[in-house]
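Data block below; observations after.
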Amino acid sequence: MNYLEGLNEEQEAAVLYQGGPLLILAGAGSGKTRVITTRIVHQIESDIASPYEILAMTFTNKAAREMKSRIEQYFGGDRLDLSITTFHSFCARFLRREMAYLDRETNFAIFDSQDQMGVIKRLLKEKGIVEKREPPNRLRTIFSNTKNSGDVTAEPGNEFHASLYRAYNDNLKRQNALDFDDLIMLTCHILTEFEDCRNRYQNRFRHMLVDEFQDTNKAQFKLIQLLTVADGDLCVVGDEDQSIYGWRGADINNILDFRHSYSGVKTFKLERNYRSTQPILDFANAVIAKNLNRHEKKLWTEVKEGESVQILPAQNERDEASLIGNVISRQLTPPQYRECAILFRANYLSRSFEDAFRRLGIPYQLVGGLKFYDRKEIKDLLAYARAVVNPRDWTSCCRALGVPSRSIGARSLELLTPYFKTEGQSLLALKKALADKALRPKQLNAIKTFVPLLEKFSEKATSERPSVWLQGLIDALDYRAYLEREDEGSAEFRVQNIDELMSAMSELEQQGVETMAHFMDYTALVSDQDELDDDCDKISLMTVHAAKGLEFDHVFVVGLEEGVFPNQRAMEDSPNALEEERRLFYVAATRAKRRLVLSHAQYRQTFGTRARTFPSRFVREAKRQAIAPGPSTDSPKKSRIGDLGLQLSLIEQQLASKDVSVEFRPALKQPRYRPGDSVEHATFGAGRIVGFLGRGTGTKVSIHFAGKGTKLFYLDRVPLKKIE
DNA sequence: CACCCTAACATTTTT
DNA sequence: TGTTAGGGTG
């Protein structure tokens, strides 16, 4: 039983418990992964379960991979027949086997959000609906929520939306495509309707574990229930304080009410933290204690000593970035960069840091943002792959048709689409259109060469390894030359990306991915974290969402301003949003192992206009807790340098104090107005101040007038009156 | 149909 | 400020 060594009392109890459903409330950094993997090891070692009977669900491939390899390592490195996988991968694999139950083909395509948007936009156009009235993105969210509800028959409440929803689903079905939410929903559907199928899976997976349970939505919880027999072995692990995916349908009540969903649920709390110092935990505990919707929990550690949480005010976003950049480059030497992260609420906040780090020569990696498989060149090539794997994927066929450009534009596609609707398959449609001479000669000629190309690669797709297939395609299209022609500047980078795609393919081939069809699932279901390269020594820049589950010695949470973090839009959406924003901040804070710095800028440029900002309520709370009093205005010189405990050389002190003096330079000529103020303009009437542009005498003020748009005025000349 | 220019829009988070 | 969608022209 040496695998139990080093576990604390609660961890060990959770690992060994075998009396039915159990809920492990695992605080941040409490050794959650270790408990899950040890529990699995224990079940295998003591013959409670064979690997074949175990199913563990996670949200990212990275987490799944990590758990699996830890377990296999314990057993000497042999590969085990263990199902540790993400919800979406599990369902994709399930449907590839079982789709026949629904009388549908198993070679379906998986549509990502871009594909979904394309379908929705085309739908709106067909119906003559203006996008302004029904924003495609909003429809996508509505459709997604509907599918995540856990009820297969559910439709959007609004009848008009419901009709669009039906049309959307018909369209996907015609293309033999599923969106992300379909994967979960249809799996639930089959398991609900077909008892024999359900029994097969329930008999096989007698031991189930769910990681990050607080992030499950209703449909995912239903899936869990369908896979588990009533008194079966189900272990869910999570932390409601880290539930940050409510906007994506995750239902925090799944974890809060879990004890009522099954009878005889045993609960374990893991509160001992192995990651951070006590000062950081004190702060985090105080932050999250303000939330009401939670189980009481308090993290503690034996590492009582540590730096207190620091607050770093900056003049503007440029300052914020270069100050932090300076701190980092002074204090950290290269092998430590990987132990450092910049966390922000939204992706756009990364820009100033990228600029500053590039200027200072600090290596960094941006996690998330534009995903690898979302890049144009990758998508172009994969469009061919998708069109070939699924002969009914018209969307991808159209995309492939346009790359490299074959003089077939929107108008031609419009003429071709009816053919697809009657023929049902892309290639058949193109052939019929050829026979009918449905287009002008130039376009027909293009199609005449495209059809055999696609046919050839369709054949090769089943016989060749993915990397060989792709290389053949690149050669046949003379794709590199095409990239050169398109845009010389970006060609080199794009070719690099293609090489990267090739090597990703080879790597997966090593792991047993033999066909293009198989490879496609992988490309559709990668997450941001999967792309994090933790082998190289770079500072990580990422959103707080992307940082969940990770840890760093040094964490800088930046952009802590009202409206940014907590995010204004989120708070307008729902009354519970502030609690979620707070949880998000809690997640950010608990990523730090040794040092936590909170920064905010007093002016921030958004949409090209600079605006006065106000420190986030999270920062104000931190100050009130007197964890780290900020620099007082009357002693600017001492200020942040002392706070940050930096050991700076004289030159750097001067450099830094220059930054400091920036902060305390006399207030700008921008007296009584603030963004958000209601004002009365002599000619335009009532308006609201959006922000300020420039500084000094040339400062302009941007004012929004309802119905008349936003206008710019010189601040020192504008005839303005404040409305209280 | 392809190219270029302008205007409008955007910044929440993403499997 | 940066990107992108759509309109107009060649």
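Since we're looking at a predicted model, the values are computed, not measured. For the numbers below, each heavy atom of this structure counts, side chains included, while hydrogens, waters and symmetry mates do not. Residue numbers start from 1 in every chain, and the chains themselves are labelled A, B, ... in the order their sequence lines are given, proteins ahead of strands.
- Contact annotation: side chain of R345(A) to base of dT12(B), donor-acceptor pair present below 3.5 Å.
- Regarding F143(A), its CZ atom lies at a distance of 21 Å from the P atom of dT15(B), rounded to whole Å.
- Using a 4.0 Å heavy-atom cutoff across all strands shown, Q443(A) reaches sugar-phosphate atoms only and no base atom.
- In this entry the distance linking CD of Q242(A) with P of dT13(B) reads 20 Å, nearest Å.
- With rounding to whole Å, L366(A) atom CG is found 12 Å from dT13(B) atom P.
- Heavy atoms of A346(A) sit under 4.0 angstrom from primed sugar atoms or phosphate atoms, though from no base atom.
- The distance between atom CE of M542(A) and atom C1' of dT14(B), rounded to the nearest whole Å, is 15 Å.
- Among the nucleotides dT1(C), dA10(B), dT12(B), the one closest to the side chain of N567(A) is dT12(B).
- At a threshold of 4.5 Å between non-hydrogen side-chain atoms, the residues F565(A) and V544(A) count as touching.
- Sorted by residue number, the members of residues 245-255 of chain A with any non-hydrogen atom under 4.0 Å from DNA chain B read W247(A), R248(A).
- Atom NZ in K548(A) sits roughly 11 Å away from atom P in dT15(B) (whole-Å rounding).
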Output one line per pair: protein atom, nucleotide atom from nucleotides 2-4 of chain B, and distance, for all N/O pairs under 3.5 Å.
from, atom 1, to, atom 2, distance (Å)
dA2(B), OP1, S407(A), N, 3.2

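- Not counting sequence neighbours, the partners of Y482(A) by the ring-ring contact (aromatic ring centres under 6.0 Å, His included) test are Y479(A).
- The distance from atom CD of E562(A) to atom C1' of dT12(B) is 15 Å, rounded to the nearest whole Å.
- dG6(C) and dT11(B): their C1' atoms are spaced 22 Å apart (whole Å).
- Note on D215(A): nothing from the nucleic acid sits closer than 4.0 angstrom, heavy atoms only.
- Taking N497(A) as the reference, R375(A), E377(A) meet the side chain to side chain donor-acceptor pair (under 3.5 Å) condition, with sequence neighbours excluded.
- Counting non-hydrogen atoms under 4.0 angstrom, Q568(A) reaches nothing in the nucleic acid.
- Across the protein-nucleic acid pair, Q605(A) atom CD and dT11(B) atom P stand 17 Å apart, rounded to whole Å.
- Straight-line distance from the CZ atom of R582(A) to the C1' atom of dT13(B): 18 Å, rounded to whole Å.
- For dT12(B) and dA5(C), the C1' atoms lie 22 Å apart once the distance is rounded to whole Å.
- Not counting sequence neighbours, F450(A) has no partner by the ring-ring contact (aromatic ring centres under 6.0 Å, His included) test.
- Donor-acceptor pairing under 3.5 Å is recorded for the side chains of T395(A) and Q175(A).
- F59(A) comes within contact range of the sugar-phosphate backbone alone, with a heavy-atom separation under 4.0 Å but no base atom that close.
- Annotation: of the two residues near DNA chain B, R351(A) and F180(A), the 5′-most nearest-nucleotide partner is R351(A).
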Donor-acceptor list for residues 135-143 of chain A side chains, cut-off 3.5 Å, not counting sequence neighbours:
from, atom 1, to, atom 2, distance (Å)
N137(A), OD1, R140(A), NH1, 3.1
T141(A), OG1, N137(A), O, 3.0

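- Counting only heavy atoms from C-beta on, K121(A) has its side chain closest to dA5(C) among dA5(C), dT11(B), dT14(B).
- The phosphate of dT12(B) (OP1 or OP2) has no side-chain N or O of N347(A) nearer than 4.0 angstrom.
- Of the candidate nucleotides dT11(B), dC1(B), dT14(B), dC1(B) has the atom nearest to the side chain of S412(A).
- Each salt bridge (Lys or Arg N to Asp or Glu O under 4.0 Å) pair with one or both residues in residues 237-246 of chain A, not counting sequence neighbours, appears once here: D239(A)-K297(A), E240(A)-K297(A), D241(A)-R294(A), D241(A)-K297(A).
- In summary, the aromatic rings of Y245(A) and F59(A) are positioned with their centroids too far apart to meet the 6.0 Å limit.
- A search for ring-ring contact (aromatic ring centres under 6.0 Å, His included) contacts involving F519(A) returns nothing, not counting sequence neighbours.
- Every residue two or more places apart in sequence or in another chain that forms a ring-ring contact (aromatic ring centres under 6.0 Å, His included) with F420(A) is listed here: W394(A).
- Phosphate proximity of dT14(B) to T543(A): present, with a side-chain N or O under 4.0 Å from OP1 or OP2.
- Of the charged side-chain nitrogens involved, at least one lies within less than 4.0 Å of a carboxylate oxygen, so that K379(A) and D112(A) count as a salt-bridged pair.
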